[in-house]
**Q** 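The following block contains the structure, expressed as structure tokens.
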Amino acid sequence: MTLDSSRLASILLVDDRPQDLAVLSSILAHPDYRLVTARSGMEALRRVLERDFAVILLDVRMPGMDGFEVASAIKSRDRSRHTPILFLTAAHEDVSTIYRAYSVGAVDYLAKPLDEAVVRAKVGIFVELFRKDQRIQEQARALKEASQRERELQLAEVRLLSEKRYRSLMEMIPAAVWTASADGTVTYCNHRWYEVTGMHLEDRGPRQGQRQKQSQGQSQGWLAAVHPADAQRVATQWSAAMAAGETYSSELRLMHTDGSSRWYLCHIIPESEPRGGRAPVRGWLGMFADCEELKHAVEARDEFMSIASHELRTPLSTLLLNLEGLRRQLVTEELDERARRKLESALRQTHRMEKLVSSLLDVARIVAGRFQLEPEACDLVEIVQQAVNGLRPQAVAVGCALELCDPGQTQIMGRWDRMRLEQVVINLVSNAIKYGAGKPIHVSLECPSDPEAGPVAIRVRDQGIGIATEHLGRIFDRFERAASKNYSGLGMGLYISRQIVEAHGGAMAVASEVGRGSTFTVTLPLRR
């Protein structure tokens, strides 16, 4: 038996790829469902304004407005803030993507390629919850026509049903979940939390014979399940979050009942009722998603990158030396133009490969905590001049005028890592040349006359394509680029540069506007 059209559960499918929408529609084809599709973030928001949805399946990676921005917009609207969102992610997405999905309000995620049974099961749960919610709303409207006493009785029943629905949902999701009162005392934990930690709601501590005494578990609450190596850090951060009434997110290890431990993504949000101004926290909801395999995958990737970079560097250096030697050997001999071009091309590509391998090796050192500086007394004016002058042929090749402004001082002496700071300047100027659209590039060096007055600043300003505001926060992350795929590169230069600057005790900032260029500013403490 199917429902009439007014009782169909509406489901919103959002993906910029028509073939993926077709697959989703095929999987969820059901006479009781009304499937609504959208191929962009803006179209999805229009659909949300038109009707209420039982659940939204939202692709993470979309051009223009991505899935995270769409989810944030949906959650900011009162009517749709409680609509459950299932993110669609590629199977290779790292743990930060999953963490970000939960942080913007997703209840779960589905990895592509999709498992049809899993998709139907998860969607079915939220559709059933949606229908129960509709029935509860209908009951609430009917209560208005009854007497005050009857209304109170029925409202009590509604609250009970709502609580049961809430608990049922908590028991069905694969994550470990608990709720707590305003002071952090756990009031409910789902079966998964008990399976993982062995902690009873009644005793607030681990089962008999586990890693800590019962009395200690009672005093610590849910923190008793945290691995001892993470306990102090987590306790300090959680206390600060409670005091501020703010969301707490972290990666931590939970101890299992057999004495083993696994990594989890911890996300704890405050529950409050808006009353004008800042509402007091009336409780907390904690969710712990297993990320052990993802973390191992990331660690394996970083280890492979480190090993591969080391192994590639030796043959590349040998190849480069042989090519340079061959060019010097043949410089006095007659070579036809075709052979000369091939030799020059081989040298350029080898230099490019050597630079890429060096960048990968730097990233591996940073991730492993083995990145070190070699400070020495050096002249910052000389470092900047050498870096800029070395890039002038590259600027000329693309029609860029590269201007180095007079710093007003012949020398700016300090203790820095000469090679690493030159690497920073080269990265910034190379990016300005790449994205500068052939327009002038200005490099300036500013230094206060009094070392106590402030830091020295290096600025690189271009007039190129610029960076959209929504991308400014991530351009300094690993393997991130704000520009389109029409530009080469792996997105490591700015990440490495910021690490170098911060290792010197400095900072790196960017100001940009689409179509009007970007200004990168490096500030360094002036150490005589």
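The basis for the numbers below is simple: all heavy atoms, side chains too, and nothing from hydrogens, waters or symmetry mates.
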**Q** Keeping the roles fixed (side chain from Ser103, backbone from Arg100), state whether a donor-acceptor pair exists under 3.5 Å.
**A**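 Side chain of Ser103 to backbone of Arg100, a donor-acceptor pair under 3.5 Å: yes, one is there.
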**Q** Is the backbone N or O of Val177 less than 3.5 Å from a side-chain atom of Asn190, with the two atoms forming a donor-acceptor pair by type?
**A** yes
**Q** Please report the interatomic distance CG(Leu49) to CZ(Arg77), rounded to the nearest 0.5 Å.
**A** 5.0 Å
**Q** If every non-hydrogen atom of Arg51 is compared with every non-hydrogen atom of Phe53, which pair is closest and at what distance?
**A**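 Heavy atoms of Arg51 and Phe53 come nearest at CG-CZ, 3.4 Å.
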**Q** So, does Glu69 use its side chain to make a donor-acceptor pair with the main chain of Asp66 at under 3.5 Å?
**A**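 Confirmed, Glu69 side chain pairs with Asp66 backbone.
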**Q** Are the side chain of Thr257 and the backbone N or O of Gly198 linked by a donor-acceptor pair below 3.5 Å?
**A** no
**Q** Going through the distances and angles, do Val60 and Phe68 end up as a side-chain contact (heavy atoms from CB on, under 4.5 Å)?
**A** CA-CA 6 Å; Val60 170; Phe68 301 121; 3.5 Å; yes
**Q** Mind listing the closest non-hydrogen atom pair of Met287 and Ala175 along with its distance?
**A**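 Answer, listing the atom of Met287 first, then Ala175: CG-CB, 3.7 Å.
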**Q** Which value, rounded to the nearest 0.5 Å, describes the distance between Lys112 atom NZ and Arg17 atom CZ?
**A**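 Here the interatomic distance stands at 7.0 Å.
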**Q** Are more than 12 heavy atoms from other residues, nucleotides or ligands located less than 6.0 Å from atom CZ of Arg39?
**A**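 It does not: Arg39 CZ has 12 such atoms or fewer within range.
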**Q** Quick check on Gln232: does its CD atom have over 12 non-hydrogen neighbours (other residues, nucleotides or ligands) under 6.0 Å away?
**A** no
**Q** Return the set of residues passing side-chain hydrogen bond (donor to acceptor under 3.5 Å, both in side chains) with Glu116 (not counting sequence neighbours), or none when no residue passes.
**A** Arg120
**Q** In Å and rounded to the nearest 0.5 Å, what is the CG to CG distance from Leu223 to Leu252?
**A** 9.0 Å
**Q** Check the pair Leu86, Val55 against side-chain contact (heavy atoms from CB on, under 4.5 Å), reporting the backbone distance first and the verdict last.
**A** CA-CA 8 Å; Leu86 296 175; Val55 62; 4.1 Å; yes
**Q** Which value, rounded to the nearest 0.5 Å, describes the distance between Ile467 atom CD1 and Leu472 atom CG?
**A**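 If we round to the nearest 0.5 Å, Ile467:CD1 and Leu472:CG are 5.5 Å apart.
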**Q** Give the ring-plane orientation class for Tyr102 versus Tyr109, where under 30° counts as parallel, over 60° as perpendicular and anything between as tilted.
**A** perpendicular
**Q** Can you tell me which residue among Asp16, Val70, Leu13, Val14 is in a side chain to side chain contact (heavy atoms under 4.5 Å, CB included) with Asp59?
**A**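 Result: among Asp16, Val70, Leu13, Val14, Asp16 is the only option passing the side chain to side chain contact (heavy atoms under 4.5 Å, CB included) with Asp59.
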**Q** Please determine whether a side-chain nitrogen of the Lys or Arg among Glu502 and Arg420 lies less than 4.0 Å from a carboxylate oxygen of the Asp or Glu.
**A**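 No, Glu502 and Arg420 are not salt-bridged.
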**Q** Using the rule side chain to side chain contact (heavy atoms under 4.5 Å, CB included), only one of Leu265, Thr197, Leu254, Val196 pairs with Phe288; which is it?
**A**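 Among the candidates, only Leu254 passes.
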**Q** Tell me, with the steps shown, if His504 and Ile500 meet side-chain contact (heavy atoms from CB on, under 4.5 Å).
**A** CA-CA 7 Å; His504 279 87; Ile500 292 172; 3.9 Å; yes
**Q** Can a side-chain donor-acceptor contact be found between Arg131 and Gln134 if the only test is distance below 3.5 angstrom?
**A**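 Short answer, no.
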**Q** Under 30°, 30 to 60°, or over 60°: which ring-plane class applies to Trp193 and Trp178, parallel, tilted or perpendicular?
**A** perpendicular
**Q** Could you report the tightest heavy-atom contact between Ser497 and Met508, atom names first, then the distance?
**A** CB-CE, 3.6 Å
**Q** Less than 4.5 Å apart, any side-chain heavy atom of Asp52 and any of Thr83?
**A** no
**Q** Distance check, rounded to the nearest 0.5 Å: Arg233 atom CZ versus Glu251 atom CD?
**A**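 Answer for the CZ-CD pair, Arg233 versus Glu251, is 8.5 Å.
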**Q** Considering all heavy atoms of both residues, which atom of Ser261 and which atom of Glu292 are nearest to each other, and what is their separation?
**A** O-OE1, 4.5 Å
**Q** Give, for atom CG of Leu28 and atom CG of Leu57, the distance between the pair rounded to the nearest 0.5 Å.
**A** 6.5 Å
**Q** On a heavy-atom basis, which atom in Leu21 and which in Ala38 lie closest, and how many Å separate them?
**A** CD1-O, 3.9 Å
**Q** Nearest heavy-atom pair of Met242 and Ala182: which atoms, and what distance?
**A** SD-O, 4.5 Å
**Q** Between Arg46 and Glu43, is there a salt bridge with N-O shorter than 4.0 Å?
**A**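 So Glu43 does not pair with Arg46 through a salt bridge.
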**Q** Side chain to side chain donor-acceptor pair (under 3.5 Å) between Thr187 and Ser181: does it pass, once the steps are laid out?
**A** CA-CA 7 Å; Thr187 57; Ser181 57; over 6 Å; no
**Q** Measure from the ring center of Trp284 to the ring center of Trp222 and say whether it is less than 6.0 Å.
**A** no
**Q** So for atom CD, which belongs to Glu374, do other residues, nucleotides or ligands contribute more than 12 heavy atoms lying within a distance under 6.0 Å?
**A** no
**Q** Determine, stepwise, if the pair Glu50 / Val36 fulfils side-chain contact (heavy atoms from CB on, under 4.5 Å).
**A** CA-CA 11 Å; Glu50 293 170 358; Val36 180; 6.0 Å; no
